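What follows is a set of notes on a single structure, which appears directly below.
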Amino acid sequence: MAAPLELSCWGGGWGLPSVHSESLVVMAYAKFSGAPLKVNVIDNTWRGSRGDVPILTTEDNIVSQPAKILNFLRKQKYNADYELSAKQGADTLAYIALIEEKLLPAVLHTFWVESDNYFTVTKPWFASRIPFPLSLILPGRMSKGALNRILLTRGEPPLYHLREVEAQIYRDAKECLNLLSNRLGTSQFFFGDTPSTLDAYVFGFLAPLYKVRFPKVQLQEHLKQLSNLCRFCDDILNSYFRLSLGDG
């Protein structure tokens, strides 16, 4: 009998099984590949000391980071990419790199750096799921980590100032959303009728942006104009997560 696979991840809200992009990538891939994950949603009894989830645990392994977790699942024969051609496999890597370079900084900014969003939505939501007194410390640490990640990827000359970085990352993110929308077109998934790794990544990064109700919605408004990407998120939620949604 195979060792049980347990995923520790941030939980859901706003009709999502998780509000955390990287947790959602792994959860979606597991659904697409048929991996039998037992999902452990972090709550205020959580004993972890940092926000470095999702974490996959088996009898013999502890794996973190979405790319490493997906590779581990593929080695266990849970592969959502069996039917992809070599070119589609290469396209997958290129689009994931594009998402991480162009879209991720804006998602991080929307959740963790934009002050109205952070103080009214992100901080209270995460703090309510972290044990006291860590709940007073960890959201701020996660916000600083998000800002550092943005500046590392976007803070090269001449974009030294956050305001300049901010304008550029939102331009890049909107361009990335447009490219994804054009690539998806009228298809159900990015490579036809069956979801793959790329669909898990796109869903993981778009669904929180689409569903979480923020006071500052610059990127959300742009996404909502791209009806095929919104339909894509809704279809995956309805087809794969209908029975496991958290409360909003």
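Quantities reported herein were computed from a predicted structural model and do not represent experimental measurements. For this chain, numbers begin at 1 and follow the sequence in order.
Shortest non-hydrogen contact noted between Leu223 and Cys230 is O-SG, 3.4 Å. Of all heavy-atom pairs spanning Leu184 and Arg231, the tightest one is CD2-NH2, 4.2 Å. A pairwise comparison of heavy atoms in Cys233 and Tyr210 identifies CB-CD2, 3.7 Å as the closest pair. Of all non-hydrogen atoms in Ser181 and Leu226, the two that sit nearest each other are OG-CD2, 3.9 Å. Residue Ala80 comes nearest to Tyr29 through the heavy atom pair N-OH, 3.1 Å, listed as atom of the first residue, atom of the second, then distance. Closest non-hydrogen pair, Ile69 versus Pro54, comes out as CD1-O, 3.7 Å.
Other residues, nucleotides and ligands contribute at most 12 non-hydrogen atoms within 6.0 Å of the NZ atom of Lys123.
Under a hydrophobic clustering in which Ile, Leu, Val, Met, Phe, Trp and Tyr are joined whenever their side-chain heavy atoms come within less than 4.5 Å, directly or via other members, Leu70 and Tyr82 fall into different clusters. Both Ile62 and Val25 are assigned to one and the same hydrophobic cluster, defined by single-linkage of ILVMFWY side chains at heavy-atom distances under 4.5 Å. Residues Phe119 and Trp14 are members of one and the same hydrophobic cluster, defined by side-chain heavy-atom contacts under 4.5 angstrom among Ile, Leu, Val, Met, Phe, Trp and Tyr.
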Check the pair Val113 / Leu108 against side-chain contact (heavy atoms from CB on, under 4.5 Å), numbers first and verdict last. CA-CA 7 Å; Val113 181; Leu108 291 173; 5.8 Å; no
Could you go through Met27 and Ser18, starting from their C-alpha distance and side-chain angles, then the distance that decides it, and tell me whether this counts as side-chain contact (heavy atoms from CB on, under 4.5 Å)? CA-CA 9 Å; Met27 293 169 80; Ser18 176; 3.7 Å; yes
Check step by step if side-chain contact (heavy atoms from CB on, under 4.5 Å) holds for Val202 and Tyr95. CA-CA 9 Å; Val202 175; Tyr95 274 102; over 6 Å; no
Apply side-chain contact (heavy atoms from CB on, under 4.5 Å) to the pair Leu219 and Phe214, showing each step before the final yes or no. CA-CA 11 Å; Leu219 197 56; Phe214 287 118; over 6 Å; no
Step-by-step salt bridge (charged side-chain N to carboxylate O under 4.0 Å, His left out) determination, Lys216 to Asp116: CA-CA 7 Å; Lys216 290 286 180 71; Asp116 285 355; 3.4 Å; yes
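Listed by first then second residue, pairs satisfying salt bridge (Lys or Arg N to Asp or Glu O under 4.0 Å) with a partner in residues 185-202 number zero, not counting sequence neighbours.
Checked against a 6.0 Å centroid threshold, the rings of Phe190 and Phe232 count as neighbours. Note: Phe111 and Tyr118 fail the aromatic proximity criterion, with ring centroids not under 6.0 Å apart.
At distances below 3.5 Å, not a single donor-acceptor pair connects side-chain atoms of Tyr78 with backbone N or O atoms of Ala30. Within the 3.5 Å criterion, the main-chain N or O of Thr110 finds a donor-acceptor partner in the side chain of Asn117. Checking side-chain atoms of Ser239 against main-chain N and O of Ile236 turns up no donor-acceptor pair under 3.5 Å. Here the side chain of Asp43 pairs no donor or acceptor atom with the backbone of Arg129 at under 3.5 angstrom. A donor-acceptor pair under 3.5 Å is absent between the side-chain atoms of Glu6 and the main chain of Lys38, judged by distance alone. Under the 3.5 Å distance criterion, the side-chain polar atoms of Glu221 are left unmatched by any main-chain donor or acceptor of Gln218. Not a single donor-acceptor pair under 3.5 Å links the side chain of Glu101 to the backbone N or O of Asp172.
In this structure, Glu22 pairs ionically with Arg149, as a charged nitrogen and a carboxylate oxygen lie closer than 4.0 Å.
Within the 4.5 Å cutoff, no side-chain heavy atoms of Leu84 are placed close to those of Asp91. Two residues are said to be in side-chain contact when any heavy atoms from C-beta on lie closer than 4.5 Å; Tyr240 and Pro195 meet this criterion. By the 4.5 Å heavy-atom criterion applied to side chains, Leu237 and Lys211 are counted as neighbours. A heavy-atom distance below 4.5 Å is not found between the side chains of Phe189 and Leu198. The closest side-chain heavy-atom distance from Asn40 to Cys9 is not below 4.5 Å. Residues Thr58 and Gln76 have side chains not in contact (no heavy-atom distance under 4.5 Å, counting atoms from C-beta outward).
Ring orientation note: the planes of Phe126 and Trp112 are tilted relative to one another, at an angle of 30° to 60°. Between Phe203 and Phe241, the angle of the ring planes stays under 30°, which puts this pair in the parallel group of the 30/60° scheme.
A donor and an acceptor atom, one from each side chain of Ser33 and Asn79, are nowhere located under 3.5 Å apart. Residues Thr197 and Arg74 bring a donor and an acceptor atom of their side chains to less than 3.5 Å of each other.
In this view, Tyr170 and His109 satisfy the ring-ring contact (aromatic ring centres under 6.0 Å, His included) rule, not counting sequence neighbours.
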